[in-house]
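All heavy atoms count here, side chains included; hydrogens, waters and symmetry mates do not.
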Amino acid sequence: MPSLQVLTIYDCPKLKTFPYRLMSLNLLKVLRIVKCPEFEKLPPLGKLPCLEELHLRGMEVKRVGVEFMGIEKEKDASTSFLSFPNLKKLSFYGFTKWEEWDDIDEWLMERINNKTITIMPSLQKLFIHYCPKLKTFPYRLMSLNLLKVLTIRHCPKYEELPPLGKLSCLEGLYLERMSVKRVGVEFMGIEKEKDASTSFLSFPKLKILTFHCFRKWEEWDDIDKWLIERINNKTITIMPSLQELYIKDCPRLKALPYHLLSPPITTGIQRLSIMGRNVLEQEVVKDKLSHISHLAI
């Protein structure tokens with residue numbers, strides 16, 4: 001099948017493995033593996049050089065390791081490696097037993113710093129839906145410099161948000177049904193020690209931000225005095241492109257952070273919606289954001 005460009009494997013309840021020889025499908029652009037619950041391990045799909053879309057749904061995989069990227073330590077120890085070079089869209093849906101998405105270990109991190117391993121350099125859209133046991137988001141994904149849309153939904157084991165502010169091209173961020181209690185400055189991608197003497201731009205291109213059904217969320221940390229001073233010196237800028245903010249069914253959230261109620265964010269927001277039962281001081285919020293053309297609280 002040297003010319004195959006689209007492959008769909010659908011509703012094969014007893015299929016357990018993916019033949020290794022399919023890694024030689026050098027022209028394959030779209031791969032869908034749907035409703036194959038006996039799959040317990042993902043094949044090294046990162047080896048497919050022309051793959052642009054990968055849709056995975058309904059598997060009982062417990063762990064996604066670096067093998068998924070197509071990385072073989074022994075083989076790649078002395079060579080450059082490009083994983084998923086043309087992948088633009090990746091989706092995981094209904095991985096009900098998925099618990100771990102392995103980050104790159106120290107050995108591989110050293111090689112990435114030396115620019116010998118590059119992972120998903122073309123990825124623009126990432127969807128993670130209905131993965132109820134998944135707890136973490138691998139740090140290496142912060143290097144997805146072309147990612148525009150990120151959706152994480154129905155992942156109730158998530159208790160802490162990763163430093164997504166580091167994603168330089170992210171335009172749409174959609175978060176739903178997590179067990180996060182606090183959103184800190186770490187979410188912005190700010191590291192005090194690292195950013196103490198440098199300028200920093202958090203979520204530079206983010207236009208749409210959605211929080212939905214964060215039922216345990218109580219605090220959205222304001223930027224502390226140390227960071228406020230640096231913002232006044234214009235060394236840290238947060239969400240300068242934000243146009244739409246939606247907060248729905250977050251009943252314990254007590255307040256919006258000061259930096260969200262202040263320029264430059266407020267001057268750019270066109271739509272703000274805070275829906276469902278909540279304990280926010282609504283009159284204060286309305287007063288601060290009364291200039292927004294589409295305001296629903």
(request) Check whether any side-chain heavy atom of Leu164 sits under 4.5 Å from a side-chain heavy atom of Leu150, and report yes or no. (result) yes
(request) Ignoring hydrogens and angles, state whether a donor on the side chain of Tyr158 or Glu160 is under 3.5 Å from an acceptor on the partner side chain. (result) no
(message) For a quick test of reading the model, state the closest non-hydrogen atom pair linking Cys50 to Asn26 and the distance between them.
(response) SG-O, 3.0 Å
(message) Check for me whether the distance between the ring centres of Tyr93 and Tyr130 falls short of 6.0 Å.
(response) yes
(message) Taking the side chain as everything from C-beta on, heavy atoms only, tell me whether Ile152 gets closer than 4.5 Å to Leu126.
(response) no
(message) Using a 3.5 Å distance criterion without hydrogens, assess whether the side chain of Ser179 forms a donor-acceptor pair with backbone atoms of Pro156.
(response) yes
(request) Flag yes if Met188 and Ile208 sit in one hydrophobic cluster, no otherwise; membership is Ile, Leu, Val, Met, Phe, Trp, Tyr, and two members link when side-chain heavy atoms are under 4.5 Å apart. (result) no
(message) Using a 3.5 Å distance criterion without hydrogens, assess whether the side chain of Ser91 forms a donor-acceptor pair with backbone atoms of Phe127.
(response) no
(message) Tell me if a side-chain donor or acceptor on Ser83 pairs with a main-chain N or O of Gly70 at a distance below 3.5 Å.
(response) no
(message) Are Leu175 and Leu161 packed together at the side-chain level, in the sense that at least one heavy-atom pair is separated by less than 4.5 angstrom?
(response) yes
(message) Tell me the closest heavy-atom pair linking Met120 and Leu90, and the distance in Å.
(response) CE-CD2, 3.7 Å
(message) Between Val183 and Tyr246, is there shared hydrophobic-cluster membership here, with clusters defined by ILVMFWY side-chain heavy atoms closer than 4.5 Å?
(response) no
(message) Centre-to-centre under 6.0 Å for Phe203 and Phe187, is that the case here?
(response) yes
(message) Could you work out, with ring-ring contact (aromatic ring centres under 6.0 Å, His included) as the rule, every residue matching Phe214, not counting sequence neighbours?
(response) Phe211, Trp217
(message) Between Arg32 (side chain only) and Glu53 (backbone N and O only), is there a donor and an acceptor less than 3.5 Å apart?
(response) no
(message) Rounded to the nearest 0.5 Å, what separates atom CG in Leu22 from atom NZ in Lys47?
(response) 14.0 Å
(message) To the closest 0.5 Å, what do you measure between NZ (Lys88) and CD (Glu52)?
(response) 4.5 Å
(message) Which heavy atom of Val6 sits nearest to which heavy atom of Leu4, and what is that distance?
(response) O-CD1, 3.6 Å
(message) Would you say that Trp220 contacts Leu253 through its side chain, given a criterion of any heavy-atom pair below 4.5 Å between the two side chains?
(response) yes
(message) If I compare all heavy atoms of Leu48 with all of Leu25, which pair ends up nearest, and what's the gap?
(response) CD2-O, 3.7 Å
(message) So which atom in Pro49 and which in Pro85 form the shortest heavy-atom distance, rounded to 0.1 Å?
(response) O-CG, 3.3 Å
(request) May I ask whether Tyr10 and Ile33 are part of the same hydrophobic cluster, defined by side-chain heavy atoms of I, L, V, M, F, W, Y residues being less than 4.5 angstrom apart, directly or through others? (result) no
(message) Tell me if the CD atom of Glu38 is crowded by more than 12 foreign heavy atoms within 6.0 Å.
(response) yes
(message) Please say yes or no: joined through hydrophobic side-chain contacts below 4.5 Å, possibly via intermediate residues, are Val185 and Met142 part of one cluster?
(response) yes
(request) Fit a plane to each ring of Trp98 and Phe92, take the angle between them on a 0 to 90° scale, and name the class: parallel (under 30°), tilted (30 to 60°) or perpendicular (over 60°). (result) tilted
(message) Do Leu54 and Leu15 sit in one hydrophobic cluster, given that two such residues count as connected whenever their side-chain heavy atoms are within less than 4.5 Å of each other, even indirectly?
(response) yes
(message) Tell me the closest heavy-atom pair linking Leu82 and Pro121, and the distance in Å.
(response) CD1-CG, 3.9 Å
(request) For residues Leu42 and Phe18, determine if any side-chain heavy atom of one lies less than 4.5 Å from a side-chain heavy atom of the other. (result) no
(message) I want to check something: taking the side chain as every heavy atom from C-beta on, are Ile247 and Leu256 in contact at a cut-off of under 4.5 Å?
(response) yes
(request) Working to the nearest 0.5 Å, report the span between OG of Ser122 and CG of Leu147. (result) 11.5 Å
(request) Would you mind checking if Lys97 and Glu60 are paired as a salt bridge, meaning a charged N to carboxylate O distance below 4.0 Å? (result) yes
